[in-house]
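Structure record follows, encoded as structure tokens.
Note that this is a predicted model, so its numbers are computed, not measured. Convention: sequence-line order gives letters A, B, ...; per-chain numbering from 1.
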Protein chains: 2
Amino acid sequence: MPRPHKWQHRLQGHGSRWTVPRGAILNHLSRTSKHMSAKEVYTALHKIYPALGLITVYRTLDLLVRMGLLYKFSFGTGESRYEFKSDTEDSHHHHLICTKCGKILDYTDYVDEELELIKKTEEALATKHSFCITDHNIEFYGLCDKCKS
Amino acid sequence: MPRPHKWQHRLQGHGSRWTVPRGAILNHLSRTSKHMSAKEVYTALHKIYPALGLITVYRTLDLLVRMGLLYKFSFGTGESRYEFKSDTEDSHHHHLICTKCGKILDYTDYVDEELELIKKTEEALATKHSFCITDHNIEFYGLCDKCKS
DNA sequence: TTGGTAATGATAATCATTATCATTAAATAT
DNA sequence: ATATTTAATGATAATGATTATCATTACCAA
Ligand SMILES: [Mn+2]
Ligand SMILES: [Mn+2]
Ligand SMILES: [Zn+2]
Ligand SMILES: [Zn+2]
């Protein structure tokens, strides 16, 4: 049933296996722009794969994060949210979050300028505090169009 | 036992009361630079106030966040962390987080430049996406001095 | 085709946080 | 100073997200 996937060989040959749940979960996340929780992924896929369990979703999401195929975010709402990490160059973006309805907006405006400053800051901080910086997170909080009225 | 506090009058006269647990918690957080979890606050104060319950700590932290006296952060480790919001002008800072040991470092380097860019970005995003932006969060992830060896 | 073993899923456990409710204790009126 | 009012507290139990266990299933290399 699962078509050969372009990620298949990344798993195989390293002790890992390419399975139906893994293909389904990766497939689903690669086709949505949403930032999904484990429960949401489970609910969406359980309809198509009734045998799929929530626990497997958790394990698979964790694996995919470790493989670098997904981002994992904590927006402060209790559950973690996962987003597919596109491999195109200009996919880097930051977030705009509505504190009332939880809506999450990706934005790329000013990301170039932000990244320039980030790079500079990173270098300075790495030296000053002997940190090896690997990642950053920038997000704005506020009220979306609908919620601010 | 609880000395009159400079925050006391902010609670009184608004249906709220100034209590021993509230004084103790606010006091403790105002004297540390740590980013403490509810459990950590509870453990630290339970020695001095054996009657204090973890539930009260949660409720008080929530109240103090709503009153604008504390920041609340989700660093992705499962629990929320709270930091006293100093009322001095130049207290604004961002965070450097070790993904291995969880160490959190405040930094103020480049914060002025960051804030300038943030302001510009905020304005552009607010207009473009009809968002009313109220807050932002910037953090760097990596390995601290000890953990990177 | 098959055997070794990684992955799965049912069940139960853990951890952070929240809800309930009887009791206690601030604030205010007497 | 004392009584009154009711917000705050804390014990207990509940919830919700995530993780651990373990017997069973199913990849996949040989
Ligand atoms: Mn995103
Ligand atoms: Mn801080
Ligand atoms: Zn909204
Ligand atoms: Zn560290």
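- Listed by chain and number, the residues in a side-chain hydrogen bond (donor to acceptor under 3.5 Å, both in side chains) with B/Asp62 are B/Arg66 (sequence neighbours excluded).
- When the side-chain hydrogen bond (donor to acceptor under 3.5 Å, both in side chains) test is applied to B/Lys72, no partner is found at least two apart in sequence or on another chain.
- Listed by chain and number, the residues in a side-chain hydrogen bond (donor to acceptor under 3.5 Å, both in side chains) with A/Ser86 are A/Thr88 (sequence neighbours excluded).
- Distance, A/Glu40 CD to D/dA17 C1': 13 Å, rounded to whole Å.
- Rounded to whole Å, the distance from CZ on A/Arg59 to P on D/dT21 is 12 Å.
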Between N or O atoms, less than 3.5 Å apart, protein on one side and nucleotides 26-28 of chain C on the other: list the pairs.
residue, atom, partner, partner atom, Å
C/dA26, O3', B/Trp18, O, 3.3
C/dA26, N3, B/Arg17, NH1, 3.3
C/dA27, OP1, B/Gln12, NE2, 2.7
C/dA27, OP1, B/Trp18, N, 2.7
C/dA27, OP2, B/Gln12, NE2, 3.2

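- Between A/His136 and B/His94, the ring centre distance reaches or exceeds 6.0 Å.
- D/dT9 atom C1' lies 13 Å from atom OH of B/Tyr42, rounded to whole Å.
- Atom-to-atom, CG of B/Leu54 to C1' of D/dA14 comes out at 15 Å; the value is rounded to the nearest Å.
- Listed for the B/Thr99 side chain is a donor-acceptor partner under 3.5 Å among the backbone atoms of B/Gly142.
- Chaining together hydrophobic side chains whose heavy atoms lie under 4.5 Å apart places A/Ile97 alongside A/Tyr71, A/Phe73, A/Phe75, A/Ile104, A/Tyr141.
- Counting to the nearest Å, the C1' atom of D/dA17 and the CZ atom of A/Phe75 are 17 Å from each other.
- Distance, B/His14 NE2 to D/dT6 P: 19 Å, rounded to whole Å.
- Near-neighbour residues of DNA chain D inside residues 61-68 of chain B, defined by a heavy atom below 4.0 Å, are absent.
- Salt-bridge check for A/Glu83 with A/Arg81: failed, with every basic side-chain N at 4.0 Å or more from each acidic carboxylate O.
- Hydrophobic clustering, defined by side-chain heavy atoms of Ile, Leu, Val, Met, Phe, Trp and Tyr closer than 4.5 Å, leaves A/Ile55 isolated from every other such residue.
- If you measure from atom CZ of B/Phe73 to atom C1' of C/dT17, you get 19 Å, rounded to the nearest angstrom.
- Residues B/His95 and B/Asn137 have side chains that never bring a donor and an acceptor to within less than 3.5 angstrom of each other.
- Five base pairs at each end of the helix from C/dT1-D/dA30 to C/dT30-D/dA1 define two local axes, and these are offset by 30° (rounded to 10°).
- One atom, CD1 of B/Ile25, and another, P of D/dA8, lie 13 Å apart when rounded to the nearest Å.
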For residues 20-28 of chain B, please give each side-chain donor-acceptor pair under 3.5 Å, one per line with the distance, not counting sequence neighbours.
residue, atom, partner, partner atom, Å
B/Arg22, NH1, B/Arg17, O, 3.1
B/Asn27, OD1, B/His5, NE2, 3.3
B/Asn27, OD1, B/Arg31, NE, 3.4
B/Asn27, OD1, B/Arg31, NH2, 3.4

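- Partners of A/Lys120 under the side-chain hydrogen bond (donor to acceptor under 3.5 Å, both in side chains) rule, at least two apart in sequence or in another chain, are B/Glu113.
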Between the protein and nucleotides 11-16 of chain C, which nitrogen or oxygen pairs are less than 3.5 angstrom apart?
none

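- Taking the six-membered ring for Trp and the full ring otherwise, B/His14 and B/His9 have centroids separated by 6.0 Å or more.
- With sequence neighbours left out, the side chain to side chain contact (heavy atoms under 4.5 Å, CB included) criterion links A/Glu123 to A/Lys119.
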